[in-house]
Protein chains: 2
Amino acid sequence: MARIIDGKMISQQIKDECKEEVAVLTEQGKHICLAVVQVGADPASSIYVNNKKKACAYIGIESLAYELPEETTQEELLALVEELNEREDVNGILVQLPLPAHIDEDKVIQTISPLKDVDGFHPASVGAMCIGQPGFLSCTPAGIIQLLKRSDVEIEGKECVVIGRSNIVGKPMALLLLRENGTVTVCHSRTRNLKEVAKRADILIAAIGKPRMINHEYIKEGAVVIDVGIHRENGKMCGDVDFDDVVDHVSAITPVPGGVGPMTIAMLMRNCVESAKR
Amino acid sequence: MARIIDGKMISQQIKDECKEEVAVLTEQGKHICLAVVQVGADPASSIYVNNKKKACAYIGIESLAYELPEETTQEELLALVEELNEREDVNGILVQLPLPAHIDEDKVIQTISPLKDVDGFHPASVGAMCIGQPGFLSCTPAGIIQLLKRSDVEIEGKECVVIGRSNIVGKPMALLLLRENGTVTVCHSRTRNLKEVAKRADILIAAIGKPRMINHEYIKEGAVVIDVGIHRENGKMCGDVDFDDVVDHVSAITPVPGGVGPMTIAMLMRNCVESAKR
């Protein structure tokens, strides 16, 4: 039976570390503030935004909530972002995605100052991460590195296979594993013999977006498996990995829920604290 | 016997295409200008700078040469870069690397406007490339993609292995091969069983920086091999690949000299033309 990598516990550790740092910063007279901007009232987005506000409250970060109507224009949103860029009392800016179809997400992300880009989505943040310069790391892949490190999974010299090449998970994940000296392969929908390639992995990151697609046929015996997927099937949550099928076959695995999910918010809090310290 | 991928010929094609485009732009009243900044008189740098000036002259791009003394301060260099950023008649800015030790290269690169960053080294350029947004592509890896495409080497679905993870070749190379739908693995000094990993490659990119290290033991029979190395041994040029040892074993290979080398300048010219068109 595999070791279960407990993302809930590890994310709690990180949030508690942030809380301690914030207490010290507060004593030094620093105030930390995250602006959270939501456009429209998508129910999933509202849940995410709410969880971020709760995490801020727990840690001692002020959250400034901007709940804009669905019909907000791109110009209005950009003007708000620019105002938040200027405000000295705002350390981080988070615009909840997805945005309504009439707004250009790329344009909005590019308008956020890289100095306040706590999501790590700005091209300058991505580029800095790629070439090893200081900057905010994309939260989900940075959280996965923490999951591995705090579970004593060695990355250096290991074969790491990332399935999926999205801008917010697959590609930054590959770059961060490379930074940790892993030998990194990125697979995707055009990969031939995906099972064979995935089976090389000592550490397999599944970020495909297909419920329970990855079964034991894709996994080398004893591999460590990180499941980035979040799906709801018949009222139950599941990931990209068929947990029950692989759990006796792997050495360690993240569950869904309670694996990668909670890490994203923890790393967002970490980025906010870093922003205040700079 | 392998097919020899002729970088000299392909780079000439690209330069001729640029020349035609520049002629059209000139007729439209546009003038294209590349500022080339060199600090000190490193002989290798002087040769590179000279070759770039010659390519500009061939294509019809004005080159503005700034030959600054070795003792130029960082502040002076940054002031020049900022002046060039502002000048409307300058489309591209190239600061020849390496810079003298008393100047912070990263700081200089970050000061070049991403709109004129024809080397593609600015973090915002690297990030844009990573997430598939418009921006200047790093010249050497972009040149390698052109070598493959113009030699009818299909990348999609192929196993591509990049040996080396530098900021100017290895990492951008991996991202561009991924964009072309290759299954991409990045190896480096900490990779275990490098021979075994390299042998998976349908397309092998050698960018290690060690003369003739890659022999037939690293290469699958029939693979396509791109040699990014440039070394001088006993007065003769060689690459990272032991050409004579592998030439009967591979299906296609770039020679050194005359392979990847000439592509870098051709792609720099391409970037200058793109910059003028924006």
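Not measured: the values here are computed from a predicted model. Order of the sequence lines sets the chain letters (A, B, ...), proteins ahead of strands, with each chain counted from 1.
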(Q) Taking every non-hydrogen pair under 4.5 Å, which of B:T191, B:V161, B:V162 racks up the most with chain A? (A)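 Top count of heavy-atom pairs under 4.5 Å with chain A: B:T191.
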Q | Top of B:M129, B:R200, B:Q133 for chain A proximity - count of heavy-atom pairs under 4.5 angstrom | A | B:R200
Options [options], ranked by heavy-atom pairs under 4.5 Å with chain B, top entry:
options: A:V126, A:N193, A:I131, A:D106; value: A:I131
options: A:S125, A:A124, A:G157; value: A:G157
options: A:L194, A:V184, A:I168; value: A:V184

Q: Measure distances from A:R192 to the heavy atoms of chain B and classify the residue's part below 4.5 Å as side chain, backbone, both or neither.
A: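 The answer is both parts of A:R192.
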Q | Proximal component of A:E156, with respect to chain B [non-hydrogen, under 4.5 Å] | A |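 Contact with chain B is through both the backbone and side chain of A:E156.
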Please tell me if the side chains of [X] and [Y] come closer than 4.5 Å, counting only heavy atoms from C-beta onward.
X: B:R165; Y: A:R179; result: no
X: B:L175; Y: A:C130; result: yes
X: A:V186; Y: B:T183; result: no

Q) Which atom pair, heavy atoms only, marks the closest approach of B:P123 to A:A128? A)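 Scanning both residues, the minimum pair turns out to be CB-N, 3.9 Å.
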Q) Where does B:V197 contact chain A at under 4.5 Å (heavy atoms): side chain, backbone, both or neither? A)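 Only the side chain of B:V197 comes within 4.5 Å of chain A.
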Q: For A:K277, look at atom NZ and say whether over 12 heavy atoms of other residues, nucleotides or ligands are found less than 6.0 Å away.
A: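 Yes, the 6.0 Å shell around NZ holds more than 12 heavy atoms from other groups.
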(Q) For B:E86, is the CD atom crowded, meaning more than 12 foreign heavy atoms sit under 6.0 Å from it? (A) no
Q.
Please check this pair: side chain of B:H188 against backbone of A:G182, looking for a donor-acceptor N/O pair closer than 3.5 Å.
A.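 Between the backbone of A:G182 and the side chain of B:H188 there is a qualifying donor-acceptor contact (under 3.5 Å).
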Q: Please determine if A:E159 and B:R190 form a salt bridge, counting it only when a charged side-chain N lies under 4.0 Å from a carboxylate O.
A: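 No, this pair does not count.
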